[in-house]
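Source: prediction; values computed, not measured.
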Amino acid sequence: MTQATAFWDGIAERYAKSPIKDVEAYEYSLERTRSYLSAEDNVLELGAGTGSTALLLAPSVARYVASDLSPKMTEIGRTKATDQGVTNVEFIAADVSDPQLAGASYDTVLALNLLHLLPNLTQDLKRIHQMVKPGGLFISKSVCLNAKGLPLRLRLRIMKLAIPLMQMIGKAPFVRSLTIEELEREVSAAGFEIIETGNYPAAPPSRYLVARRV
């Protein structure tokens with residue numbers, strides 16, 4: 001078991017019970033994502049956590065694969081799917097580089113609140129590109145802690161200072177500090193054309209990107 005898997009397994013129960021911090025921003029990005037989906041689509045979500053978003057989007061598509069590197073997260077997701085009667089969602093314990101995700105081809109791949117947590121972002125975006133059908137969509141949402149012009153509030157300053165210390169004792173995952181420009185440059189370089197952007201919420205910006213595989 002990797003350190004990242006152990007961390008997310010360890011907080012899975014607490015994570016499942018934690019409330020959404022910005023409901024308005026979450027619901028708006030969910031609405032935008034749903035607008036790109038169709039009833040015939042085969043969708044993959046990477047970093048799906050305990051499946052809350054997956055279970056809201058699944059009724060809009062034919063098949064939905066919700067993957068997460070944490071087996072405990074996916075176990076909670078399966079239970080939630082059963083309890084809610086959602087039958088077209090498959091939960092898989094896998095990270096972006098897992099062979100069981102390679103070779104599949106999806107109409108849309110989602111990575112919501114994931115890219116800033118990937119240590120090998122450039123390589124993983126290339127893997128994601130191969131998972132999307134030609135002309136298909138990649139939809140992501142990523143916190144950009146190094147966004148230009150961002151007025152660092154005290155809480156955010158403390159968090160950025162504390163993260164490396166917490167990582168040393170296994171109390172925090174890897175977190176990449178990105179600017180919006182860096183994020184979009186990485187996505188474009190992986191072979192995607194960005195067709196929609198937005199910040200939901202605006203501060204610190206959680207950058208919402210819709211990109212088409214070219």
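The hydrophobic clustering, which links ILVMFWY residues whose side-chain heavy atoms are closer than 4.5 Å, places L110 and L114 apart. The hydrophobic cluster containing L37 also contains Y200, counting ILVMFWY residues as joined when their side-chain heavy atoms lie under 4.5 angstrom apart, directly or transitively. Cluster membership for V214 and V109, using ILVMFWY side-chain heavy atoms within less than 4.5 angstrom, is not shared. L112 and V143 fall into different hydrophobic clusters, where Ile, Leu, Val, Met, Phe, Trp and Tyr are joined by side-chain heavy atoms under 4.5 Å apart, directly or via other members. Tracing side-chain contacts under 4.5 Å through hydrophobic residues (I, L, V, M, F, W, Y), one reaches L115 starting from V132; they form part of the same cluster.
Checking D68 against T74 by side-chain atom types alone, no donor-acceptor pair falls below 3.5 Å. Side-chain N/O atoms of E196 and Y36 include a donor and acceptor closer than 3.5 Å. Between the side chains of N42 and R63, at least one donor-acceptor pair of N or O atoms lies under 3.5 Å. Of the N and O atoms on the side chains of E186 and T122, at least one donor lies less than 3.5 Å from an acceptor on the other residue. A donor-acceptor pair shorter than 3.5 Å can be found between the side chains of K141 and S29.
Annotation: side chain of E90 is not in contact with side chain of Y64 (no heavy-atom distance under 4.5 Å). In this structure, L183 and C144 have side chains that are in contact, with non-hydrogen atoms separated by less than 4.5 Å. Residues D41 and S60 are not in side-chain contact: their nearest non-hydrogen atoms beyond the backbone lie 4.5 Å or more apart. The closest side-chain heavy-atom distance from I194 to E184 is below 4.5 Å. Looking at L101 and L44, their side chains come closer than 4.5 Å, going by heavy atoms from C-beta outward. Looking at heavy atoms from C-beta onward, R176 lies out of side-chain contact with L117 at the 4.5 angstrom threshold. Side-chain contact between R213 and H129 is present, with heavy atoms from C-beta onward closer than 4.5 Å. The shortest side-chain heavy-atom distance between V43 and L57 does not fall under the 4.5 Å cut-off.
Across every non-hydrogen atom of A66 and A54, the tightest pair is CB-CB, 4.0 Å. The two residues T5 and P71 come nearest to each other via the heavy atoms CG2-CD, 3.8 Å. Of all non-hydrogen atoms in Q100 and A94, the two that sit nearest each other are NE2-CB, 3.5 Å.
Without hydrogens or angle criteria, D107 side chain to L137 main chain gives no donor-acceptor distance under 3.5 Å. Distance alone, capped at 3.5 Å, is enough to place a donor-acceptor pair between the S67 side chain and the E45 backbone.
Note on residues 118-131: pairs passing salt bridge (charged side-chain N to carboxylate O under 4.0 Å, His left out), not counting sequence neighbours, are D124-R127.
Atom CZ of R32 is separated from atom OG1 of T197 by 11.0 Å, given to the nearest 0.5 angstrom. For the atom pair L56 CG and E27 CD, the distance stands at 9.0 Å (nearest 0.5 Å). To the nearest 0.5 angstrom, Q123 atom CD is 11.5 Å from I128 atom CD1. Interatomic distance, H116 NE2 to S140 OG, rounded to the nearest 0.5 Å: 11.0 Å. Note that CZ of R14 and OG1 of T50 are 13.0 Å apart. Values are rounded to the nearest 0.5 Å. Rounded to the nearest 0.5 angstrom, E75 CD and E13 CD are separated by 8.0 Å.
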For this session: Determine, step by step, whether T33 and E31 satisfy the side-chain contact (heavy atoms from CB on, under 4.5 Å) criterion, reporting the C-alpha distance in whole Å, the side-chain angles of both residues, the deciding distance to 0.1 Å, and the verdict.
Result: CA-CA 5 Å; T33 300; E31 176 187 338; over 6 Å; no
Problem set entry | T82/T79 under side-chain hydrogen bond (donor to acceptor under 3.5 Å, both in side chains): CA gap, chis, key distance, verdict | CA-CA 5 Å; T82 300; T79 300; over 6 Å; no
For this session: Before giving the answer on side-chain contact (heavy atoms from CB on, under 4.5 Å), spell out for S52 and K80 the whole-Å C-alpha distance, their side-chain angles and the decisive distance to 0.1 Å.
Result: CA-CA 8 Å; S52 296; K80 288 163 65 174; 2.8 Å; yes
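Looking at F192, Y106, Y208 one by one, the single match for ring pair (Phe, Tyr, Trp, His ring centres under 6.0 Å) with F138 turns out to be F192.
Classification of the W8-Y15 ring pair by plane angle, with boundaries at 30° and 60°, yields perpendicular.
Within a 6.0 Å sphere centred on CD of E24, heavy atoms belonging to other residues, nucleotides or ligands number 12 at most.
Legend: residues meeting side chain to side chain contact (heavy atoms under 4.5 Å, CB included) with E182, ordered by chain and number and at least two apart, are L178, T179, R185. Here K72 pairs with nothing under the side chain to side chain donor-acceptor pair (under 3.5 Å) rule; sequence neighbours left out.
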